[in-house]
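To keep things clear, I will list the structure first and then write my remarks on it.
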Number of protein chains: 2
Amino acid sequence: MKQDLRIIKTQESLRHALLSLLKSKPLESITIAELCRLAKINRGTFYLHYRDVHGVFKHYLEVIVEDLRQSYKEPYYKTNFIIKNIEADMIKIFHHVKKYQDFYKIIFDEKMPITYYYLLFDTVRSFMKETVNKEIQETESDIKIDYLISYQTNAILGILIEWHREGYRTSIDELNQQLIAIISINSPFKK
Amino acid sequence: MKQDLRIIKTQESLRHALLSLLKSKPLESITIAELCRLAKINRGTFYLHYRDVHGVFKHYLEVIVEDLRQSYKEPYYKTNFIIKNIEADMIKIFHHVKKYQDFYKIIFDEKMPITYYYLLFDTVRSFMKETVNKEIQETESDIKIDYLISYQTNAILGILIEWHREGYRTSIDELNQQLIAIISINSPFKK
DNA sequence: GATTTTATTGTACATCTGTCTAATAAAAAT
DNA sequence: ATTTTTATTAGACAGATGTACAATAAAATC
């Protein structure tokens, strides 16, 4: 049996309508009723597919999350996982955010559920876990690796939060250099 | 002119009702109507004071945020701002979170607006900014201090996220040691 | 204590939410 | 091409939301 065409049509219709509405109003003000009217979908049908408007929005995030993953990976491959050899132009994560800036503005919005933040967190974290394992785990046995990884992961996201709040005014090149500088002097607590 | 007693009574009534409801159901499932019924407040009156249920909840956070601030400060004063002299038992932030665990479980819940997270972020960040200024700002002039601070601040919060997701199972003492260990080896990128 | 100010109430309204049902239409399976 | 399966629709329901207004009650002010 194959995927029912009606389902695809309905979901695409809703996603398209959402994108259209997002051009003129914030996500949190978009109602299910409004979305369905624009998509010409019966409101009852909506609930057969999604629980709320966020459900539709999450569809778009799949693409972004995959691109984030690829962008975050980049310097690891470029340096052959010897990350101390990193150079500013190997960093791709800020390009990625800039590319999807409109979405990141939504994701980091005060009203958004923290789920979206966790989605970014988990994406970066899962890759960091794979790589850090190889370097640290055996040498630093007194550290619970999961805490170290969450610490490191969230530190990176801290830069994205700062960039967002600052209105994405800092250039990508500048940020790349900043990141290099920060991770090289890090931490301020070091002896 | 003094603060109107009726206003105080109304707000206290709503806050009390919220706390009562939180014992049996999650915040996101509590409606304004339900809250008002329990508080014996006319629903129209609610809107004279708050926009939504979160508005009532935020009242409680003021206390928590102040305590967080004090707890985060502690080791700075204990070490006389020479933070490399920190010892595990000087750290008070995990005590703080444990103390308000019930609230932190709500704050870090997936459905919660990221506003609450930003509130924690800003609390820690503002203090970190005051202190880091003194140490770093002059020595590391190629670094935009705001990015460094957001990086560091969010790293700390990363540990709280990890603790939350792990169900607050790790003991406070263990976490104190972990934090010391992490900030001493940090970063994995160091040369 | 009388007067003035204002917070609260009761009521109403249009809209949204989440759920359910029987009827219909559109797809898949044969 | 016909049958079977199932997604969608229309309609209805109780409850929630956000706003508005005149009436009332409870404070503050004098």
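A note on names: the letters A, B, ... follow the listed sequences, proteins ahead of strands, and every chain is numbered from 1. What's counted below: heavy atoms across the whole structure, side chains too, no hydrogens, waters or symmetry copies.
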Using a strict 4.0 Å threshold on nitrogen-to-oxygen distance, state whether A:Asp122 and A:Lys129 make a salt bridge.
no

Toward the 5' end of DNA chain D, which comes first, B:Asp4 or A:His49, by nearest nucleotide?
A:His49

Give one of base, sugar-phosphate or nothing for B:Lys40, where a contact means two heavy atoms less than 4.0 Å apart.
sugar-phosphate

Mutual orientation of the aromatic rings belonging to A:Phe46 and A:Tyr50 [parallel < 30°, tilted 30-60°, perpendicular > 60°]:
tilted

Degree of bending, the helix from C:dG1-D:dC30 to C:dT30-D:dA1 (end axes from five pairs; round to 10°)
40°

Parallel, tilted or perpendicular: ring planes of A:His54 versus A:Tyr116, cut at 30 and 60 degrees
tilted

Between C1' on C:dT9 and CZ on B:Phe46, what's the gap in Å once rounded to a whole number?
17 Å

Between A:Arg69 and A:Glu130, does at least one N-O distance fall below 4.0 Å, as a salt bridge requires?
yes

Using the ring of each side chain (for Trp, its six-membered ring), is B:Phe94 parallel, tilted or perpendicular to B:Trp163, with breaks at 30° and 60°?
perpendicular

Electrostatic pair A:Lys144-A:Asp146, nearest N-O below 4.0 angstrom:
no

Could you give the CD-to-P distance, from B:Glu28 to D:dT17, as a whole number of Å?
14 Å

Round to a whole Å and report the spacing from CD of B:Gln3 to P of D:dA26.
18 Å

Would you check if there is a donor-acceptor pair between the side chains of A:Gln70 and A:Glu74 at a distance under 3.5 Å?
no

Specify whether A:Phe127 and A:Tyr72 have parallel, tilted or perpendicular ring planes, treating 30° as the upper limit for parallel and 60° as the lower limit for perpendicular.
perpendicular

Grab the N/O contacts between the protein and nucleotides 13-20 of chain C below 3.5 Å, and write none if there aren't any.
from, atom 1, to, atom 2, distance (Å)
C:dC16, OP1, A:Arg37, NH2, 3.3
C:dC16, OP2, A:Arg37, NH1, 3.4
C:dT17, OP1, A:Ile32, N, 3.3
C:dT17, OP2, A:Ile32, N, 3.3
C:dT17, OP2, A:Ala33, N, 3.0
C:dG18, OP2, A:Tyr47, OH, 3.1
C:dG18, N7, A:Arg43, NH1, 2.9
C:dG18, O6, A:Arg43, NH2, 3.1

Nucleotide D:dA10, atom C1' - distance to CG of A:Leu48 in whole Å:
14 Å

Closer than 4.0 Å, any side-chain N/O of A:Thr45 to the OP1 or OP2 of D:dT9?
yes

Interatomic distance, A:Lys9 NZ vs D:dT8 P [rounded to whole Å]
8 Å

How many Å lie between CD on A:Gln11 and P on D:dA7, as a whole number?
11 Å

Give a yes or no on whether a donor-acceptor pair under 3.5 Å exists between the nucleobase atoms of C:dA26, that is its base, and the side chain of A:Arg6.
yes

Check the pair B:Gln178, B:Glu174 against side chain to side chain donor-acceptor pair (under 3.5 Å), reporting the backbone distance first and the verdict last.
CA-CA 6 Å; B:Gln178 289 296 316; B:Glu174 167 106 40; 3.3 Å; yes

Closest listed nucleotide, where the reference is the side chain of B:Thr10 and the choices are D:dT8, C:dT8, C:dT9
C:dT8

How many whole angstroms separate atom CG of A:Leu5 from atom P of D:dT8?
11 Å

What's the CD1-C1' distance between B:Ile7 and C:dA7, to the nearest Å?
7 Å

